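These notes are about the structure you will find just below.
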Amino acid sequence: MNTVIAAVVVLGVLGAIFGLILAYASKAFAVEKDPREEAISACLPGANCGGCGYPGCSGYAAAVVAGKAATNCCAAGGDAVAVQIAEIMGVKAEASAKMIAQVQCTGGCRGHEQYEYVGIHDCAAAARLPGGGPAGCSFGCLGFGTCEAVCPFDAIHVVDGVAKVDEEKCKACKKCVDACPRHIILLAPYKTKRHVAITCSSKDKGADVRKVCDNGCIGCGLCAKACPKEAITVDKNLAVIDYDKCVGCGLCAQKCPRKLITVDGKVPEVKPAAPKAAPAAAKPEAAE
């Protein structure tokens, strides 16, 4: 019995000693945290989406305080949060253009599938099969919703076999961009009153595109010729918009023969050409 009591006493003394050592070490080696870090974390939305490029909201807050990140990197918070962070840091708020995820496919390839797919309902799984999946176009949306599953804001859904983005909900966190195995989702800036988009990723030649898609880009270049700002170029058989030059006029969409280019998410109706004026009647010659 005495042995047991002695053992308990020894363990208690050792526990007290080690406790004192740990308490001293926690104070002696404590790392002081900048109070601005906690203030920034408090004003962040807490989505931990990673859209800022840092591991969660706390990681972003630490990067801002350390001078490694700008005050306007929080995609979920937007300009309102950027203003709060700038006030905490005592700097001028940095303006940022609204970004949104954009699916570069209209789903026109759904009627030209290579084979029937009955596997796991996941784009990444389907993309490992021969031909990169069942879609006839090797650049087209597979439509199994991998992007939808990873979106923390419920901003993207598969509709009629192709992923569609809800522009009001999208926070440009890039999770769908990173998840897409075909890399056909990108972030595009909304800089104009009307947003123009070329929703295709195919780099095949026009004749090959027609075989596998009902409205894919054929690289005809009519959109580039119609653009008054030279904001569209054809690169590797695909029309591409330079958003630094685009003013949202929509003339390119009017000229696209495939009805592929959208303005604010819709294909605009082609305006009929103005009738040509009748030639003026020749004046009779004056009598001599």
Side-chain angles (χ1 to χ4, degrees), residues 44-53 56-57 60 72-82 95-110 121-124 126-127 133 135 137 139-202 213-217 239-241 243 246 248 250 252-253 256 258-269:
L44 292 173
N48 292 312
C49 62
C52 58
C57 294
Y60 172 56
N72 61 347
C73 293
C74 180
D79 290 338
V81 168
S96 59
K98 179 185 177 182
M99 304 291 287
I100 197 166
Q102 189 168 284
V103 181
Q104 301 294 93
C105 180
T106 63
C109 59
R110 301 306 299 176
H121 206 72
D122 178 76
C123 297
C137 175
F139 300 90
C141 177
L142 291 167
F144 296 118
T146 299
C147 53
E148 180 179 342
V150 300
C151 180
F153 304 102
D154 192 39
I156 187 167
H157 296 279
V158 175
V159 180
D160 296 329
V162 63
K164 303 285 187 182
V165 176
D166 185 328
E167 299 174 0
E168 296 299 322
K169 292 182 178 179
C170 180
K171 302 298 182 182
C173 70
K174 283 188 66 179
K175 284 190 176 292
C176 59
V177 176
D178 296 334
C180 179
R182 288 201 162 179
H183 310 294
I184 62 169
I185 305 178
L186 54 80
L187 293 185
Y190 267 46
K191 292 184 175 181
T192 56
K193 291 183 178 179
R194 301 196 305 164
H195 181 70
V196 180
I198 298 176
T199 52
C200 182
S201 298
S202 178
C213 184
D214 294 332
N215 52 357
C217 179
V240 180
I241 295 178
Y243 284 104
C246 179
C252 54
C256 179
R258 303 284 279 177
K259 311 302 179 189
L260 167 70
I261 304 177
T262 61
V263 179
D264 288 339
K266 298 178 181 179
V267 178
E269 295 182 6

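For reference, positions follow the sequence shown, starting with 1. Predicted model, so just to flag it, every value in this text is computed and none were measured.
- Rounded to the nearest 0.5 Å, atoms SG (C176) and CD1 (I156) are 4.5 Å apart.
- Judged purely by atom type and a 3.5 angstrom limit, D122 has no side-chain atom pairing as donor or acceptor with the backbone of T146.
- Annotation: salt bridge (charged side-chain N to carboxylate O under 4.0 Å, His left out) contacts of D154 (sequence neighbours excluded): K169.
- The shortest non-hydrogen separation linking C109 to G140 is SG-CA, 4.0 Å.
- Partners of K98 by salt bridge (charged side-chain N to carboxylate O under 4.0 Å, His left out), not counting sequence neighbours: none found.
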### Task
Starting from the C-alpha separation in whole Å, work towards a yes-or-no answer on side chain to side chain contact (heavy atoms under 4.5 Å, CB included) for I198 and L260.
CA-CA 6 Å; I198 298 176; L260 167 70; 4.1 Å; yes
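- Note: H195 and Y243 have parallel aromatic rings, judged against thresholds of 30 and 60 degrees for the angle between ring planes.
- Put simply, the side chain of P181 reaches to within 4.5 Å of the side chain of C123, judged on heavy atoms.
- With a 4.5 Å cut-off on side-chain heavy atoms, C49 and K171 do not count as touching.
- Side-chain contact between P152 and C173 is present, with heavy atoms from C-beta onward closer than 4.5 Å.
- Looking at every heavy atom in both residues, C170 comes nearest to V165 through CB-CG1, 3.9 Å.
- Of the residues D160, T199, N215, T262, the one that meets the side chain to side chain donor-acceptor pair (under 3.5 Å) test with T106 is N215.
- Closest approach of V150 and A179 over heavy atoms only: CG2-CB, 3.8 Å.
- Nearest heavy atom pair, residue C57 against residue A47, reads SG-N, 3.8 Å.
- Side chain of R182 to main chain of C141: no donor-acceptor pair is present (N/O by atom type, distance under 3.5 Å, no hydrogens or angles).
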### Query
Does the pair E148 and H157 meet the rule for a side chain to side chain contact (heavy atoms under 4.5 Å, CB included), with working shown?
CA-CA 5 Å; E148 180 179 342; H157 296 279; 3.3 Å; yes
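- Side-chain atoms of S201 come within 3.5 Å of backbone atoms of Q104 as a donor-acceptor pair (strictly under, hydrogens ignored).
- Across C147 and I185, no two heavy atoms sit closer than the pair CB-CD1, 3.9 Å.
- The SG atom of C73 sits 4.5 Å away from the OH atom of Y60 when rounded to the nearest 0.5 Å.
- Closest of all the heavy-atom pairs between F144 and A126 is CE1-CB, 3.6 Å.
- Between the side chain of R194 and the backbone N or O of D264 there is no donor-acceptor pair closer than 3.5 Å.
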